[in-house]
Amino acid sequence: MAKRDYYDVLGVSKGASPDEIKKGFRKKAKELHPDRNSDNPNAEAEFKEANEAYDILKDPDRKAAYDRYGHAAFENGTGGPRGPQGFGGGQGQGDFASAFSDVFEDLFGDFMGGQRGGGGRQRAARGSDLRYNLRIDLDQAYRGLQKTISVPGSVPCTACEGTGAEGGAEPVVCPTCSGMGKVRAQQGFFTIEKTCPTCSGVGQIIKNPCPVCRGAGREEKTRSLSVNIPAGVETGTRIRLAGEGDAGMRGGPSGDLYIFIEVQEHAIFQRDGLDLFCRVPVSMSSAALGGDVEVPTIDGGRSRVKIPSGSQSGRQMRLRGKGMPALRGAGTGDMFIELAVETPVNLTSRQRELLKEFEAESQDNQPETSKFFKTVKNFWDGMKS
């Protein structure tokens, strides 16, 4: 079977530039790789054909020979002319690995680990994120506040301006990997790519490390930060301060600072979302006769609440708009007043006498008591029968 034209195999024109030839091969290699075409029985043969074409056309001498003599330039024993430097027919393992390594990063770069910048070099390491736990009062959560906090962590070294080199000098290109941040080693059929052991993948080295930070480009320091705590925060609210975490290594970007809010319990109010609850004790006589009670509100004011006559313990009354503000949104919760009827203690003789008289006169206006004892009587009668 006659061989196809190498330019047609790669999908490029005969006058294509080296970059165009390389791009054509990369595209074909991705399309035809056997691992991606398990259902195509011809994929492996077509992949090898594309590799053979690229191995010839990527080399200027071989390309010139092919352009002049065609496939005959690389045939043995056919009487055809041989290409420059004694090129023989067939492709060895070394030729295949050399061509395949040019697209190795495109096919498998995501599995080589780490973020990479231009030319495969790893970007400078980003600093770590930091966490700060901040405890505030409920009234502070209601109003919001500006809080100054002290955060220990890493900051760019002032002596070397974060470069890690003495005197702020710029790092130099790593001689081992030539700034690529990676090295290649031939292992049989494949070319294995590894992180450069000299520069740890950065692509640069420091000849004279800074004596203050010892080449790290950062130092430990406690910083004071002013933090705006918005109104309406609650326990578990997280506030992110971008770039306020640990400084990166040798000029790398800083991490972020996360502030976690904890709102302390209040002596008067209990919070449930946007609503507040306040348990207010009232006297037995006020609950029976009705009246008014003055209650505090979270904004520091006071509200007078009317107690209906005959109120029982646990009865709730709502004060609209007296709860907590919504975080970064419109609206305010409500405040609920829960009555707790208080039974008098340490009674005087006269008080006891009055309560007994009151009890004797109250048989017909205690519906819950009457209902309860009637239910109990029915239960006992049922047990006897």
Trainee: Is there a side-chain contact (heavy atoms from CB on, under 4.5 Å) between I307 and R315 once you walk through the steps?
Mentor: CA-CA 10 Å; I307 302 175; R315 179 167 187 169; over 6 Å; no
Trainee: Any donor and acceptor pair, going by atom type alone, linking the side chain of E219 with main-chain N or O of T158 inside 3.5 Å?
Mentor: yes
Trainee: With a 6.0 Å cut-off (strictly less than), is the heavy-atom count around CZ of R135, excluding the residue itself, greater than 12?
Mentor: no
Trainee: D137: what forms a side chain to side chain donor-acceptor pair (under 3.5 Å) with it, not counting sequence neighbours?
Mentor: Q264
Trainee: How long is the straight-line distance from CG of L276 back to CD1 of I337, given to the nearest 0.5 Å?
Mentor: 9.5 Å
Trainee: Is a side-chain N or O of E244 found less than 3.5 angstrom from the main chain of L241, in a donor-acceptor match?
Mentor: no
Trainee: If you count the non-hydrogen atoms of other residues, nucleotides and ligands that lie under 6.0 Å from CD in Q316, is the total more than 12?
Mentor: yes
Trainee: Which heavy atom of S224 sits nearest to which heavy atom of T148, and what is that distance?
Mentor: CB-CG2, 4.4 Å
Trainee: Any side-chain to backbone donor/acceptor pair from D5 onto D8? Under 3.5 Å, distance only.
Mentor: yes
Trainee: Can you name the residues that form a salt bridge (charged side-chain N to carboxylate O under 4.0 Å, His left out) with R320, not counting sequence neighbours?
Mentor: none
Trainee: Do other residues, nucleotides or ligands put more than 12 heavy atoms under 6.0 Å from the CZ atom of R304?
Mentor: yes
Trainee: What's the verdict on salt bridge (charged side-chain N to carboxylate O under 4.0 Å, His left out) for E46 and K28, showing C-alpha distance, side-chain angles and the deciding distance?
Mentor: CA-CA 9 Å; E46 293 176 358; K28 289 295 181 180; over 6 Å; no
Trainee: Find out if a path of hydrophobic residues (ILVMFWY) with successive side-chain heavy-atom gaps under 4.5 Å connects V305 to F269.
Mentor: yes
Trainee: Say whether, by atom type as modelled, one donor and one acceptor occur between the side chain of T222 and the main chain of V151 under 3.5 angstrom.
Mentor: no
Trainee: For the pair R126 (side chain) and G248 (backbone), establish whether a donor and an acceptor sit closer than 3.5 Å, ignoring hydrogens and angles.
Mentor: no
Trainee: Which hydrophobic side chains are connected to F336, either touching it within the sub-4.5 Å cutoff or through other members that do?
Mentor: F277
Trainee: Do I239 and V263 share a hydrophobic cluster, counting only Ile, Leu, Val, Met, Phe, Trp and Tyr and linking them when any side-chain heavy atoms are less than 4.5 Å apart?
Mentor: yes
Trainee: Rounded to the nearest 0.5 Å, what separation is found between the CG atom of D139 and the OH atom of Y142?
Mentor: 10.5 Å
Trainee: State, yes or no, whether a side-chain contact exists between E52 and K48 at a heavy-atom distance under 4.5 Å.
Mentor: no
Trainee: Once side chain to side chain donor-acceptor pair (under 3.5 Å) is applied, do any residues pair with D334, and if so which ones, sequence neighbours excluded?
Mentor: none
Trainee: How close do C177 and C199 get, heavy atom to heavy atom, and via which atoms?
Mentor: SG-SG, 3.7 Å
Trainee: Taking all non-hydrogen atoms of both residues, which atom of S154 and which atom of D246 are closest, and how far apart?
Mentor: N-OD1, 2.8 Å
Trainee: So which heavy atom on G310 is nearest to which on Q312, and how close?
Mentor: O-NE2, 3.3 Å
Trainee: Just by distance, with hydrogens left out, do E49 and Y6 show a side-chain donor and acceptor under 3.5 Å apart?
Mentor: no
Trainee: Do T163 and C160 have side chains that approach each other closer than 4.5 Å (heavy atoms only, starting at C-beta)?
Mentor: yes
Trainee: Taking the side chain as C-beta and beyond, is there a heavy-atom pair between C174 and M180 under 4.5 Å?
Mentor: no
Trainee: What residues, two or more places apart in sequence or in another chain, satisfy side chain to side chain donor-acceptor pair (under 3.5 Å) together with Y132?
Mentor: none
Trainee: Decide side-chain hydrogen bond (donor to acceptor under 3.5 Å, both in side chains) for E294 and S303; before the verdict, give the C-alpha distance in whole Å, the side-chain angles of both, and the deciding distance to 0.1 Å.
Mentor: CA-CA 6 Å; E294 192 174 65; S303 291; over 6 Å; no
Trainee: Within the side chain of H71, is there an N or O that forms a donor-acceptor pair under 3.5 Å with the backbone of R4?
Mentor: yes
Trainee: Taking the side chain as everything from C-beta on, heavy atoms only, tell me whether P344 gets closer than 4.5 Å to S283.
Mentor: no
Trainee: Under 4.5 Å between any side-chain heavy atoms of K147 and Q140, yes or no?
Mentor: no
Trainee: With sequence neighbours left out, write down each residue that passes salt bridge (charged side-chain N to carboxylate O under 4.0 Å, His left out) with D67, or none if nothing qualifies.
Mentor: K63
Trainee: Which heavy atom of G164 sits nearest a heavy atom of C213, and at what distance?
Mentor: CA-SG, 4.1 Å
Trainee: Under the salt bridge (charged side-chain N to carboxylate O under 4.0 Å, His left out) test, which residues partner R350, sequence neighbours left out?
Mentor: E353
Trainee: Taking G301's backbone N and O only, do any of them form a donor-acceptor pair with T297's side chain (distance below 3.5 Å, no angle check)?
Mentor: yes
Trainee: Applying side-chain contact (heavy atoms from CB on, under 4.5 Å) to M284 and E342, what does each step give before you reach the verdict?
Mentor: CA-CA 6 Å; M284 185 174 63; E342 188 176 20; over 6 Å; no
Trainee: Passes side-chain contact (heavy atoms from CB on, under 4.5 Å), S309 versus L289? Steps please.
Mentor: CA-CA 5 Å; S309 60; L289 301 175; 5.7 Å; no
Trainee: Could you list the residues that satisfy salt bridge (charged side-chain N to carboxylate O under 4.0 Å, His left out) with D299, not counting sequence neighbours?
Mentor: K322
Trainee: Rounded to the nearest 0.5 Å, what separates atom CD in E20 from atom OG in S17?
Mentor: 3.5 Å
Trainee: Would a single hydrophobic cluster contain both I229 and L130, if residues Ile, Leu, Val, Met, Phe, Trp and Tyr are joined by side-chain heavy-atom contacts under 4.5 Å?
Mentor: yes
Trainee: Could you tell me which non-hydrogen atom of P325 sits nearest to which non-hydrogen atom of A231, and how far apart they are?
Mentor: CG-CB, 4.1 Å
Trainee: Are I192 and V183 in one and the same hydrophobic cluster, where Ile, Leu, Val, Met, Phe, Trp and Tyr link if side-chain heavy atoms are under 4.5 Å apart?
Mentor: no
Trainee: Tell me which pairs pass side-chain hydrogen bond (donor to acceptor under 3.5 Å, both in side chains) where either residue lies in residues 228-242, with sequence neighbours left out.
Mentor: R240-D256
Trainee: Measuring from atom CZ of R62 to atom CG of L57, what distance do you get when rounded to the nearest 0.5 angstrom?
Mentor: 10.5 Å
Trainee: Rest of the hydrophobic cluster containing Y258 (Ile/Leu/Val/Met/Phe/Trp/Tyr, side-chain heavy atoms under 4.5 Å)?
Mentor: F260
Trainee: Can you measure from CZ (R184) to NZ (K194) and round to the nearest 0.5 angstrom?
Mentor: 14.0 Å
Trainee: Test side-chain contact (heavy atoms from CB on, under 4.5 Å) on V341 and T343; report intermediate values, then the result.
Mentor: CA-CA 7 Å; V341 179; T343 302; 5.9 Å; no
Trainee: Would you say the side chain of L355 lies within less than 4.5 Å of the side chain of L347, judging by non-hydrogen atoms?
Mentor: yes
Trainee: Answer yes or no: does atom CZ of R223 have more than 12 heavy-atom neighbours from other residues, nucleotides or ligands under 6.0 Å?
Mentor: yes
Trainee: Can you name the residues that form a side chain to side chain donor-acceptor pair (under 3.5 Å) with R214, not counting sequence neighbours?
Mentor: none
Trainee: May I ask you to say whether K207 pairs ionically with E166, meaning some side-chain N is under 4.0 Å from a carboxylate O?
Mentor: no
Trainee: In terms of relative ring orientation, are Y54 and F25 parallel, tilted or perpendicular, with 30° and 60° separating the classes?
Mentor: parallel
Trainee: Under a 4.5 Å side-chain heavy-atom rule over Ile, Leu, Val, Met, Phe, Trp and Tyr, are I268 and L138 clustered together?
Mentor: yes
Trainee: Roughly how far, to the nearest 0.5 Å, is the NZ atom of K182 from the CD atom of E193?
Mentor: 3.5 Å
Trainee: When clusters are formed from ILVMFWY side-chain contacts under 4.5 Å, directly or step by step, what else is grouped with I205?
Mentor: V172
